[in-house]
Amino acid sequence: MLRLGLCCLFHEAPIKFRTTTARHLATLKEGERERKISSLCLSNALALQQAILFCHHNKIGAFRVNSRILPLKTHPDMGYSVSELPEGNQIIRSFKDCGFNAKKHNIRLTFHPDQFTLLSSPDPAITARSLDELNYQCQVAGWIGADVINIHGGGAYGDKNQALQRVERNINALDKDLRKLLTIENDDRVYTPVDLLPLCLRTGVPLVYDLHHHRCLPDNLSAEEATAAALRTWNREPLFHLSSPKDGWNSGQPHKHHDYIDTNDFPEFWRELDLTVEIEAKAKELAVIRLYNELKF
DNA sequence: AGCGGTCAAGTTGAT
DNA sequence: ATCAACTTGACCGCT
């Protein structure tokens with residue numbers, strides 16, 4: 001069975017994830033600050049609960065959890081430990097409830113740390129901050145039972161091979177809980193599937209195949225070939241990404257995402273696979289639901 | 001209630 | 001040189 005996944009947010013459904021800024025927190029007194037963070041974390045745990053139920057009721061098979069589910073968790077000045085927050089126990093219990101419900105309804109949960117999370121940087125401080133971020137998402141992943149933390153290759157820094165060697169060294173040094181969840185995705189500027197596949201095969205880190213990125217930044221593999229190669233890197237249900245270009249393929253800006261998915265962009269040869277396809281489209285749940293109906297599963 | 005300014009982080013490529 | 005894009009707007013504070 002193929003399942004479609006929703007990324008992070010809702011367009012129409014009244015399910016909101018909250019956040020704050022370091023600047024605002026800095027204006028609060030100690031105590032107030034922790035109460036604010038605590039209430040945001042708890043609110044987000046409850047929103048995730050709603051998101052999972054929404055997916056269940058709308059035949060959406062997977063949900064990507066926003067990196068800011070615990071706002072500012074790894075900020076150098078504002079970072080915190082959840083168990084020390086005023087509502088820490090309740091927050092953790094609520095996330096574990098999310099995990100229980102996700103499992104009960106077979107909703108797959110994933111993470112996608114944002115662009116600042118890099119294992120390719122030559123700067124050790126950037127790598128250290130990235131590891132902090134990965135470890136935080138790994139902790140939440142443990143509570144909710146997420147099985148993917150997906151990152152990009154990052155920059156080339158003038159030498160792709162050296163950058164990829166740094167990625168590989170950093171992967172080999174990860175602790176095992178994190179390494180079990182980490183995946184890497186081809187992007188639309190630097191790293192193609194051909195660039196990443198050797199690293200995936202050597203390290204056991206699966207390739208999240210993004211077909212839209214591959215169409216924006218092709219290599220010598222066809223979509224069929226890249227699909228087959230990516231599938232071989234997975235030791236659990238594979239995860240792919242799909243989107244459609246906002247203004248068509250000849251606009252000069254094909255990497256921009258459309259509100260919806262053009263069914264012509266969905267490859268027929270994915271249809272029969274056991275696979276999760278996360279839908280990156282601005283109309284969010286509306287796009288996933290529309291595609292699901294159009295594909296007539 | 002509505003709206004404008006602002007927000008932690010890295011890298012690339014378009015302008 | 002600046003800036004938008006990247007998986008995503010949301011929040012605060014003013015009117």
Side-chain angles (χ1 to χ4, degrees), chain A residues 5-11 13-28 32 36-37 39-40 43-44 47 51 62-80 109-134 136-137 146 148-160 163 166-167 183-191 208 210 212-213 216-217 239-243 245-246 251-259 261 276-285 287-288:
Chain A
L6 170 62
C7 299
C8 308
L9 298 176
F10 293 82
H11 188 256
I15 300 172
K16 300 284 183 196
F17 293 92
R18 300 172 56 201
T19 186
T20 188
T21 62
R23 175 176 291 237
H24 173 63
L25 284 184
T27 67
L28 301 180
E32 277 179 13
K36 170 85 180 184
I37 292 270
S39 109
L40 293 177
S43 170
N44 286 348
F63 184 71
R64 181 191 298 173
V65 180
N66 193 311
S67 297
R68 306 204 298 227
I69 187 87
L70 302 182
L72 298 166
K73 174 72 171 70
T74 60
H75 188 280
D77 303 322
M78 300 297 165
Y80 51 91
L109 297 174
T110 70
F111 284 86
H112 194 357
D114 53 17
Q115 62 270 30
F116 313 108
T117 303
L118 300 165
L119 295 182
S120 53
S121 174
D123 179 348
I126 291 172
T127 307
R129 281 198 292 275
S130 298
L131 291 171
D132 274 357
E133 184 70 21
L134 289 170
Y136 135 56
Q137 300 201 20
V148 165
I149 299 177
N150 178 43
I151 62 171
H152 291 276
Y157 311 90
D159 187 334
K160 253 195 230 187
R166 288 193 292 271
V167 174
T183 65
I184 194 162
E185 175 189 348
N186 63 298
D187 63 81
D188 59 1
R189 305 194 166 196
V190 182
Y191 293 105
V208 170
D210 187 314
H212 184 253
H213 288 163
C216 292
L217 181 70
L239 178 69
F240 288 3
H241 289 176
L242 182 67
S243 28
K246 180 172 169 40
S251 70
Q253 305 255 332
H255 58 275
K256 287 191 178 174
H257 291 169
H258 199 280
D259 289 349
I261 300 296
T276 302
V277 180
E278 288 185 334
I279 300 305
E280 297 179 335
K282 300 279 187 192
K284 296 295 170 189
E285 80 276 18
V288 180

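Proteins come first, then strands; the chains are lettered A, B, ... in the order of their sequence lines, and each starts at number 1. Both backbone and side-chain heavy atoms feed into the values below; hydrogens, waters and symmetry mates do not. These figures come from a predicted structure and were not determined experimentally.
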Legend entry - Donor-acceptor contact present, side-chain A/N66 to main-chain A/C8, <3.5 Å: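 Flag not set: sc A/N66 to bb A/C8 has no pair under 3.5 Å.
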Legend entry - Under 3.5 Å donor-acceptor, A/T19 side chain and A/P71 backbone: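 No; zero donor-acceptor contacts below 3.5 Å.
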Looking at [X], I'd like to know whether one of its side-chain N or O atoms comes within less than 4.0 Å of OP1 or OP2 on [N].
| X | N | result |
| --- | --- | --- |
| A/K284 | C/dG9 | no |
| A/H75 | B/dA8 | no |
| A/S130 | B/dA9 | no |
| A/R189 | B/dT12 | no |

Inset, instruction - From the options C/dG9, B/dA8, C/dC12, select the nucleotide whose nearest atom is closest to the side chain of A/K36. - result: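 Per side-chain heavy atoms of A/K36, the pick is C/dC12.
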Inset, instruction - Identify the nucleotide, in any strand shown, that forms a Watson-Crick or G-U wobble pair with B/dA9, with both distances under 3.5 Å; if there is none, say none. - result: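 B/dA9 is unpaired by these criteria.
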Legend entry - B/dA14 pairs with, by Watson-Crick or G-U criteria that keep both distances under 3.5 Å: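 WC or wobble partner is C/dT2.
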Inset, instruction - On DNA chain C, check which nucleotide each of A/F10 and A/H213 is closest to and give me the residue with the more 5' one. - result: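 That would be A/H213.
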Inset, instruction - Select from A/H112 and A/K16 the residue whose nearest nucleotide in DNA chain C is closer to the 5' end of that strand. - result: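 Looking at DNA chain C, the more 5' nearest nucleotide goes with A/H112.
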Inset, instruction - Using a 4.0 Å heavy-atom cut-off across all strands, classify A/Q115 as base, sugar-phosphate, or nothing. - result: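 Base: the residue A/Q115, judged by heavy atoms under 4.0 Å, touches a nucleobase.
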Legend entry - Residues A/E185 and A/H213: side-chain donor-acceptor under 3.5 angstrom: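 Yes, side-chain donor-acceptor contact under 3.5 Å.
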Inset, instruction - Return yes if a side-chain donor-acceptor contact under 3.5 Å exists between A/R64 and A/H241, otherwise no. - result: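 Judged by distance alone, the side chains do pair up.
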Legend entry - Stacking check A/F116 vs B/dA9 (5.5 Å / 30 deg):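 Answer is yes, a stack.
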